[in-house]
Amino acid sequence: MQSEQNELIKRRLEELEEIKKLGVNPYPHNFKVTASSKEIISSFQDPENDEERENQKNNLIRIAGRIIAIRRMGKATFCHIKDCEGRIQIYLRKDDIGELSYKILKLLDIGDIIGAEGFVFRTKTGEISVHATEMKLLTKSIYPLPVVKEEITESGEKIVHDAFADVELRYRQRYIDLIVNENVRNTFRIRMEVIRSIKNTLERHKFIEVETPTLQTIYGGANARPFVTKHNALGIELFLRISNELFLKRLIVGGFDRVYEFVKDFRNEGIDRTHNPEFTQVEWYQAYADYNDSMDLFEEIIENAAMDSLGTTVINYQGTEINLKRPWKRLKMTEVIKSKTGLDVVNMPLSEILDYMKKKNIDIDARLTKSKGLVIALLFEEVCEGDLIQPVFITDHPIETTPLCKPLRDYSLEQIENMKTDPEHVIFVERFEPYINKWELGNSYTELNDPLLQKCLLEEQEERGRGGEEEIHPMDEDFLRAIEVGMPPTTGVGLGVDRLVMLLTNSYSIRDVIFFPLMKPLDK
RNA sequence: GGGGAUGUAGCUCAGGGGUAGAGCAAUUGCCUUUUAAGCAAUGGGUCGGAGGUUCGAUUCCUCCCAUCCUCACCA
């Protein structure tokens, strides 16, 4: 794979041969590790007298890691190695590790992995280090790493020189990015802590973790184009899930009252700094509760995630300070529109809303203009979304925005029937979207469990291809049957994990919080 | 998909119609508490790819590829 012409690689292959000639296996099978860099540094006691220093010397530890910096000084060598928890300096003297090991050491490079046994000491210049009494090569690297140098200034500031910064290479070769860029590792550490925190909060609330299919014969639960694949033996078309919502509701029907699932969803859409074709969502469903309960739990989950991963609810995202502390504002979509524009969209005729939008130069798809509800939702997106920096729940969307959500409890069933036939009346549903930094961070409903209304709304969606879009959502008859069997009053929530992690790690692009974001293949 | 920018050594970058530049890394030598180690010497390039203009292209032109930004798309 790597170019054989490359001088650096050729050189390393020669070193590899020399090591073998010296009778040393460059790829041994194991090394017993007794300490990590972090443990060593945090537990080091500076010996004050000779006796303690002797004790220290008798207390041998074993550590392993990748060489990330090496300074040779003739018959002594300093190197920094990096292990899972950090970095530490190793001091190796020919007299201590022996002739053969020192010969091997001379054949090592940045990127090689070594193990060392030795005692902890503090160098003249004050750095806690391991004075090696033994060194073992654990893995010889033949592909050169970028050489990144760190300088600690007198004021204690860290300056990184020649950082590995090419974003394309960083994403394509994330393993190198992780070795070389400390902050990248930290971003993903936070990601894992956020996920653990969300699970912990849900578990505390008695939710259980479940698994639903990634490969589906019918896709649904969201409005997005799917990835299509095929099963060879069965000879059928399959879709990668765009959402797991319809399956989690089936589990509620089946009697699991509180379920959650972390999933990759796959959406065949454009890619930008907040969209990756596969992304992580956690969805949870709770029986005998409504969207007000979901708002309570949502803000608790986010607050806990921030506290558990960062120890604070105050974050800075790209220069904007955001406070995630509970409670968050809860605002009706139409109220936000009113306070922003002065328009009482509920009670004004559709034609006047359209006039207003024309005046404001808001482009509107001709196919949407027949639906007052969709026009209101669009107006909100165009005019109001940009202001939603601090956490806020936007509630009570027009029914046309989703077929899976229960109408507000204020309506009688009769009212709903009557209003449906009147284009000037909009039915609103018990839905909320949490917004932070102008982003939708999730989506939640008081779930629709009226099987007749559910059927009606899904059929409508199928008919109009949902708001005039090209793709037609297939009807999921089995899901309808599940609702007919009877789903208890339920609320469900989806939370976009990647975007949450972006906020908490101050990451500009979603690609910075996904280990291996999708990249186009390179031509040979 | 539209528009803009970028692509030069392993890494970070300069340059520019006539033999390709720097720092770090590499190689050789000296150096047993150094730390962006140091000193001296040396090697390293299909200048993203394919065409075109030209006596001559890495540089100018066209197309292609990849990446980033932006718009469109996207609950």
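Letters go in sequence order (proteins before strands), and every chain restarts at 1. Worth knowing before you read on, the calculation uses all heavy atoms, side chains too, and leaves out hydrogens, waters and symmetry mates. Keep in mind the model is a prediction, meaning the values are calculated, not measured.
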Asks: Just call it for A:K520: base, sugar-phosphate, or nothing, with non-hydrogen atoms closer than 4.0 Å on any strand.
Replies: sugar-phosphate

Asks: Would you tell me if any nitrogen or oxygen in the side chain of A:R71 comes within less than 4.0 Å of OP1 or OP2 on B:rA37?
Replies: yes

Asks: For residues 373-381 of chain A, tabulate all N or O donor-acceptor pairs below 3.5 Å that involve a side-chain atom, not counting sequence neighbours.
Replies:
none

Asks: Any side-chain donor paired with an acceptor under 3.5 Å for A:S37 and A:D83?
Replies: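 Yes, a side-chain donor-acceptor pair sits under 3.5 Å.
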
Asks: Could you list the residues that satisfy side chain to side chain donor-acceptor pair (under 3.5 Å) with A:D450, not counting sequence neighbours?
Replies: none

Asks: If I pick the C1' atom on B:rA5 and the same atom on B:rC24, what distance separates them, to the nearest angstrom?
Replies: 27 Å

Asks: Scan nucleotides 25-29 of chain B against the protein and return all N/O pairs shorter than 3.5 Å with their distances rounded to 0.1 Å.
Replies:
residue: B:rA25; atom: OP1; partner: A:K149; partner atom: NZ; Å: 2.9
residue: B:rU27; atom: OP1; partner: A:R11; partner atom: NE; Å: 3.4
residue: B:rU27; atom: OP1; partner: A:E15; partner atom: OE2; Å: 3.3

Asks: Just to be sure I understand: a Watson-Crick pair is purine N1 to pyrimidine N3 plus N6-O4 or O6-N4, both under 3.5 Å. Using that and G-U wobbles, which stems of three or more pairs involve RNA chain B?
Replies: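 RNA chain B stems, ordered by first number: B:1-7 with B:65-71, B:10-13 with B:21-24, B:26-30 with B:38-42, B:48-52 with B:60-64.
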
Asks: Would you say the ring centroid of A:F432 lies under 6.0 angstrom from that of A:W328?
Replies: no

Asks: Measure from NZ or CZ of A:R273 to the centre of the six-membered ring of A:Y508 and say whether it is under 6.0 Å with the direction within 45° of the ring axis.
Replies: yes

Asks: Should the heavy atoms of other residues, nucleotides or ligands under 6.0 Å from CD of A:E99 be counted, would the total exceed 12?
Replies: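 12 or below, so no.
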
Asks: Does anything in residues 92-113 of chain A pair up under ring pair (Phe, Tyr, Trp, His ring centres under 6.0 Å), and if so which pairs, sequence neighbours excluded?
Replies: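 Passing the test, one end in residues 92-113 of chain A: no pairs.
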
Asks: In whole angstrom, give me the gap between the P atoms of B:rU42 and B:rG48.
Replies: 28 Å

Asks: Please give, in whole Å, the distance from B:rU33 C1' to A:I128 CD1?
Replies: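 Answer to the nearest Å: 15 Å.
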
Asks: What I want to check is whether an N or O donor and acceptor connect the side chain of A:T77 with the base of B:rU32 at under 3.5 Å.
Replies: no

Asks: Is a side-chain N or O of A:R72 found less than 3.5 angstrom from the main chain of A:L105, in a donor-acceptor match?
Replies: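 At least one qualifying donor-acceptor pair exists.
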
Asks: Taking the P atom of each, how far is B:rC11 from B:rG51, in whole Å?
Replies: 26 Å

Asks: Would you classify A:H397 as touching base, sugar-phosphate or nothing, given that sugar-phosphate means primed atoms plus P, OP1 and OP2, and contacts are heavy atoms under 4.0 Å?
Replies: nothing

Asks: So, OP1 or OP2 of B:rA75: does either fall under 4.0 Å of a side-chain N or O from A:N443?
Replies: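 For B:rA75, neither OP1 nor OP2 has a side-chain N or O of A:N443 closer than 4.0 Å.
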
Asks: Listed by chain and number, what are the side chain to side chain donor-acceptor pair (under 3.5 Å) partners of A:R250, not counting sequence neighbours?
Replies: A:D476, A:D478

Asks: Let me know the distance between CG of A:L105 and P of B:rC31, rounded to the nearest Å.
Replies: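 After rounding, the reported distance stands at 16 Å.
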
Asks: From the options B:rU32, B:rU67, B:rU34, select the nucleotide whose nearest atom is closest to the side chain of A:R172.
Replies: B:rU67

